[in-house]
Peer 1: 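Before we start, here is the structure in question, set down as structure tokens.
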Amino acid sequence: MSPGPRVARVERSPDGPDRLPSTSAGSTPRALDASMDLLNQIIQHPVDPDYAVAAARGGGRARLRWPLALVALVIGAMFAVSAVETTRAAPAAETERTELISRVQRAEAQQDELRARVTSLSAEIAKLRAAAAGTSDEAELLERQINTLDPMVGNVAVTGPGITVTVDDAVPGTLDVPSTDQRNQVLDIDLQAMVNGLWLAGAEAVAVNGHRLSSLTAIRGAGDAITVDFRSLARPYRVQALGDPKTLQAHYVESAGGLWWNELAQNRGMRYEISSEEQITLPADPGLVLRHARKAES
Amino acid sequence: MIPVLGLLAGIALGLVLEPTIPQGLQPYLPIAIVAAMDALFGAFRAYLDGNFNDRVFVVSFISNVLIAAAIVWVGDQIGVGSQLSTGVVVVLGIRIFTNVAAIRRVLFHA
């Protein structure tokens, strides 16, 4: 055997079993890539080398017919069972999904109910408080304070002139933008910018899709939906703000939020409509409860 | 002939009986199937090469399936089960493709 140039590939020896390069320091030189030839091995020895060994040994062909048949049976059964399992699992997953959806809807309905109850109970509390406080000067002063502060913090429903801003995701096809692009959808940050702009423009009360904003309200994205006070919103988004009818809209359009939305509407093709209203009524925020904060004694 | 008949009978049995696989074994069935396909195509290629051997096929099938399942099981125990099953599928997939390509060359000379 003349020492030829070393090749990286493992050469098949003509007579012997086609063993992988042995790591034992034998007479044959180790292939250069012997220790890292996983892919070589897979590609060059795809057939079990033992077939060659058995063939070289000249083993009988007709042995073990029954185990062969059994293995074939098992393989076939595995295919069938797996396919059956998968098709059977699909409707189960679907049922589970609808079940979950209906559970979410039930929970939301219950939440709505509870919120309505909170509102009515709050009204009752206010009435009872007024009755209990009596008619002394001090009580009237307190009552006046409460009446001033409640609309400000969002504890009671308010009504007055204002504007309604309606926005929605870009309609696919406008401005040649792909519909799936997430940048063409209204995000939580867009609504935050708008609401901040409205506050800046002098809004006295703001509600998003009928959810009154208070100092405790969070507007944020959760998955695909935008939530206000942990209630997910449905498109289109309607932001209503109470304020001076003469200046609110003009100031809002000039604010950072207004500019932000101007750009979104022009460059992204989002729906963006502002309308003045003579009278809008915003509901109370029923979630206004302080659980940990107490009035600091001065 | 026997293997083909066995395969068909197995498929028929599985479809008719619809046995339920124990929950614990379910993750390993797909991997076992890929390993079985590897053994099947390897055997077919060996058959075309003229050196098919029943014993080698049976042994290689059983060991393939067991090793593939064992790798995934170990992966499950150490938290990388899905990654390891991807690895098994890739490696066996390459082998299946190579074998099928060789079979195609022998059968169709293309």
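Per chain, numbering begins at 1; letters A, B, ... match sequence-line order.
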Peer 1: Which bit of B:L15 comes within less than 4.5 Å of chain A, counting heavy atoms only: side chain, backbone, both or neither?
Peer 2: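 Its backbone and side chain both get close to chain A.
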Peer 1: For the CD atom on A:E263, are there more than 12 heavy atoms of other groups (residues, nucleotides or ligands in this structure) within a distance under 6.0 Å?
Peer 2: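 No - once you tally the heavy atoms of other residues, nucleotides and ligands closer than 6.0 Å, there are 12 at most.
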Peer 1: Please examine the side chains of A:V81 and B:P19, heavy atoms only from C-beta on, and report whether any two atoms are closer than 4.5 Å.
Peer 2: yes
Peer 1: Verify the neighbour count for atom CD1 of A:I189: are there more than 12 heavy atoms of other residues, nucleotides or ligands below 6.0 Å?
Peer 2: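 For A:I189, atom CD1 is not crowded (no more than 12 foreign heavy atoms under 6.0 Å).
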Peer 1: What part of B:A43 is in contact with chain A, defined as an atom under 4.5 angstrom from a non-hydrogen atom: side chain, backbone, both or neither?
Peer 2: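 Interface part for B:A43: both.
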Peer 1: Pick one of side chain, backbone, both or neither for B:A32, based on which atoms fall under 4.5 Å of a heavy atom in chain A.
Peer 2: both
Peer 1: Does CD in A:Q110 sit with more than 12 non-hydrogen atoms of other residues, nucleotides or ligands closer than 6.0 Å?
Peer 2: no
Peer 1: Side chain from CB out, backbone as N, CA, C, O: work out which of these in B:L17 comes under 4.5 Å of a heavy atom of chain A, or both, or neither.
Peer 2: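 Contact with chain A: none, neither part.
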Peer 1: Does atom CD of A:E96 have more than 12 heavy-atom neighbours, drawn from other residues, nucleotides or ligands, at distances under 6.0 Å?
Peer 2: no
Peer 1: Give me the atom names and distance for the closest heavy-atom approach of A:M78 to B:A36.
Peer 2: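 Looks like CE-CB, 3.8 Å.
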Peer 1: Where do B:G10 and A:A80 come nearest, in terms of heavy atoms and distance?
Peer 2: O-CB, 4.4 Å
Peer 1: Taking side-chain contact (heavy atoms from CB on, under 4.5 Å) as the criterion, tell me which of A:V74, A:L73, A:I75 meets it with B:L7.
Peer 2: A:I75
Peer 1: Between B:L13 and chain A, with a heavy-atom cut-off of 4.5 Å, which part of the residue counts as in contact: side chain, backbone, both or neither?
Peer 2: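 Looking at B:L13, just its side chain touches chain A.
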Peer 1: Give, as side chain, backbone, both or neither, the part of B:F57 having an atom under 4.5 angstrom from any heavy atom of chain A.
Peer 2: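 Both parts, heavy atoms under 4.5 Å.
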Peer 1: Quick check: do A:L68 and B:F52 have side-chain heavy atoms less than 4.5 Å from each other?
Peer 2: yes
Peer 1: Rounded to the nearest 0.5 Å, how far apart are CD1 of B:I21 and CD of A:E85?
Peer 2: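 That separation rounds to 4.0 Å.
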